[in-house]
Amino acid sequence: MTNRSLARSTPTRLAVLLAGLALGAALLTGCSSEGASTNCGLDACTVTFDRGVDARANILGVEARLVEAQDDVVTIEVGGEQLSLTVGEQAADVGGLAVTLDSVTDSEVKVRIARNGG
């Protein structure tokens, strides 16, 4: 009896494993970037833009692009809308996404983009 129950659970485990791998692959292929790196979960991404290059990333179904960074004020474009952000400022709402500037250094700009409520 133990062998039968083990035999029945193995295909179920395999199906769950394959579904998880497929979801992971879909998440990874859903993000792309140029001059930036992304770290994404289901409802939020942290995008680290390189300064001094044409930096952009496609995440959560929209394109995010670094337009300009001067001192502690950063202008980015998310989904075709330009935003000016400063570190510590409340998230800006753009088309159902909350956009927050996490940090600015001489070499990079780090932004968090999340689905509202995410």
Side-chain angles (χ1 to χ4, degrees):
M1 207 177 251
T2 304
N3 288 342
R4 286 184 187 158
S5 111
L6 180 60
R8 274 189 237 138
S9 66
T10 300
T12 302
R13 288 182 186 160
L14 182 59
V16 170
L17 176 64
L18 290 175
L21 289 173
L23 177 60
L27 288 173
L28 290 175
T29 59
C31 296
S32 64
S33 63
E34 181 178 317
S37 62
T38 60
N39 182 4
C40 292
L42 290 176
D43 292 322
C45 289
T46 299
V47 181
T48 304
F49 294 104
D50 298 333
R51 290 182 68 168
V53 299
D54 183 22
R56 60 187 69 230
N58 290 306
I59 43 95
L60 301 174
V62 298
E63 181 179 76
R65 180 176 71 89
L66 179 62
V67 176
E68 181 179 41
Q70 288 189 341
D71 300 322
D72 62 344
V73 178
V74 172
T75 303
I76 64 168
E77 184 176 298
V78 177
E81 188 172 329
Q82 284 197 7
L83 307 166
S84 289
L85 304 171
T86 57
V87 174
E89 180 178 43
Q90 185 174 353
D93 181 33
V94 178
L97 298 172
V99 183
T100 309
L101 178 60
D102 285 348
S103 65
V104 180
T105 69
D106 290 340
S107 59
E108 64 184 29
V109 172
K110 189 176 288 190
V111 178
R112 182 175 190 276
I113 302 172
R115 290 193 172 102
N116 281 334

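The residues of the chain are indexed from 1 along the displayed sequence.
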* Asked: Is a side-chain donor or acceptor of Arg112 paired with a backbone partner of Ala98 at a separation under 3.5 angstrom?
  -> no
* Heavy-atom closest pair, residues Ala55 and Gly35 -> CB-O, 3.2 Å
* Is the backbone N or O of Val109 less than 3.5 Å from a side-chain atom of Arg51, with the two atoms forming a donor-acceptor pair by type? -> no
* Which atoms form the tightest heavy-atom contact between Ser103 and Val87, and what is the distance? -> CA-CG2, 4.0 Å
* Asked: How close do Phe49 and Ala36 get, heavy atom to heavy atom, and via which atoms?
  -> CD2-CB, 3.9 Å
* Trace of the side chain to side chain contact (heavy atoms under 4.5 Å, CB included) decision for Gln82 with Ile76 -> CA-CA 6 Å; Gln82 284 197 7; Ile76 64 168; over 6 Å; no
* Asked: Can you check whether Leu101 reaches Glu89 side chain to side chain, under 4.5 Å on heavy atoms?
  -> no
* To do: Identify whether Val47 and Val53 are in the same connected component of the hydrophobic contact network (ILVMFWY, side-chain heavy atoms under 4.5 Å).
  => no
* So if you build clusters from Ile, Leu, Val, Met, Phe, Trp, Tyr with side-chain heavy-atom gaps below 4.5 Å, do Val67 and Ile59 land together? -> no
* In Å and rounded to the nearest 0.5 Å, what is the CG to CD distance from Leu66 to Glu108? -> 11.5 Å
* To do: List the steps, then state whether side chain to side chain contact (heavy atoms under 4.5 Å, CB included) holds for Val78 with Val62.
  => CA-CA 7 Å; Val78 177; Val62 298; 4.1 Å; yes
* Asked: How many angstroms lie between CG in Asn58 and CZ in Arg65, if you round to the nearest 0.5 Å?
  -> 12.0 Å
* Asked: When Thr86 is tested against each of Val73, Asp71, Val104 for side-chain contact (heavy atoms from CB on, under 4.5 Å), which residue passes?
  -> Val73
* Between OG1 of Thr75 and CG of Leu85, what distance do you get to the nearest 0.5 Å? -> 8.0 Å
* Asked: CD/Glu77 to CD/Glu63 distance, rounded to the nearest 0.5 angstrom?
  -> 7.0 Å
